[in-house]
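Read the structure below first, then the notes.
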Amino acid sequence: MKKSNIFVYIELSKFTQNLTTNLSLCKEHLKAQASYFQVIPSRYFSAQLNSEWESICQAVSRKGPRLNEKGQIVGNAAVNTIDQMTSMECLAVANRIFMLHDKVKKEFAQ
């Protein structure tokens, strides 16, 4: 079995260190770290895990970028989508990230 790239493990570790499952803080923590959704490419995950990361990224970018009245991008898709999510939806995304991190960690423990 091919493991995920060490870069994935390191970056997901940093991401989860600054993520919370506190319902009232989860949204703000996700928005503050939204760049991780663009920084970590799915191809660096093992074949077993890359579709899970792609699914998480798709869930947090489904609303597209925020545009101003002139049609210019003023906010990236992840921040815009997370901003429009409920606290419960943000909590679900955070839990998925924590579970994915655990799976990547297990790959390196083998």
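Starting from 1, each residue takes its place in the sequence as its number.
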Side chain to side chain contact (heavy atoms under 4.5 Å, CB included) partners for N68, two or more places apart:
K70, Q72, V74
Heavy-atom nearest pair, S46 first then K2, reads CB-O, 3.1 Å
Sequence-distant partners of T16, side chain to side chain contact (heavy atoms under 4.5 Å, CB included), two or more places apart:
I97, F98, H101
Between OG on residue S55 and CG on residue L100, distance to nearest 0.5 Å:
10.0 Å
Just jot down the salt bridge (Lys or Arg N to Asp or Glu O under 4.0 Å) partners of K31, sequence neighbours excluded, or say none.
E28, D83
Side chain proximity check, M85 to R62, heavy atoms < 4.5 angstrom:
yes
So, for A34 and V79, which heavy atoms are closest and what is the spacing to 0.1 Å?
CB-CG2, 3.6 Å
The reported gap from CG in L49 to OG in S42 (rounded to nearest 0.5 angstrom) is 11.5 Å
Closest non-hydrogen atoms of I40 and F7, given as atom of the first, atom of the second and distance, are CA-CE2, 4.3 Å
Go through the steps to decide whether Y36 and L12 satisfy the test side-chain contact (heavy atoms from CB on, under 4.5 Å), and finish with yes or no.
CA-CA 8 Å; Y36 279 106; L12 271 182; over 6 Å; no
By side-chain hydrogen bond (donor to acceptor under 3.5 Å, both in side chains) - contacts of S4 (at least two apart)
E107
Any donor-acceptor pair under 3.5 Å from T81 side chain to K63 backbone
yes
Side-chain heavy atoms under 4.5 angstrom apart, residues restricted to Ile, Leu, Val, Met, Phe, Trp, Tyr: same cluster for I10 and I56?
yes
Approximate separation, where rounding is to 0.5 Å, of N18 CG and S13 OG
11.0 Å
Side-chain heavy atoms under 4.5 angstrom apart, residues restricted to Ile, Leu, Val, Met, Phe, Trp, Tyr: same cluster for F15 and L91?
no
For T86, the side chain to side chain contact (heavy atoms under 4.5 Å, CB included) test, sequence neighbours excluded, returns M88, E89
Sole residue of V8, I6, N50 in side-chain contact (heavy atoms from CB on, under 4.5 Å) with Y44:
V8
Can you list every pair that meets ring-ring contact (aromatic ring centres under 6.0 Å, His included) and has a residue in residues 51-76, with sequence neighbours left out?
F37-W53, F45-W53
Keeping to residues at least two apart or across chains, list the salt bridge (Lys or Arg N to Asp or Glu O under 4.0 Å) pairs with something in residues 37-50.
none
Quick one: which residue pairs count as a salt bridge (Lys or Arg N to Asp or Glu O under 4.0 Å) with a foot in residues 45-58, not counting sequence neighbours?
E52-R96
Is V39 linked to L19 within one hydrophobic cluster, defined over Ile, Leu, Val, Met, Phe, Trp and Tyr using a side-chain heavy-atom separation of less than 4.5 Å?
yes
Just verifying a value: how many Å separate I82 CD1 and L30 CG, rounded to the nearest 0.5 Å?
5.0 Å
Could I get the full list of side-chain hydrogen bond (donor to acceptor under 3.5 Å, both in side chains) partners for N76, not counting sequence neighbours?
none
From N22 atom CG to H29 atom NE2, the distance as rounded to the nearest 0.5 Å:
7.5 Å
Distance col, row Q84:CD vs R66:CZ, nearest 0.5 angstrom, shows 7.0 Å
Just grab all the salt bridge (Lys or Arg N to Asp or Glu O under 4.0 Å) pairs involving residues 11-25, residues at least two apart or on different chains.
E11-K14
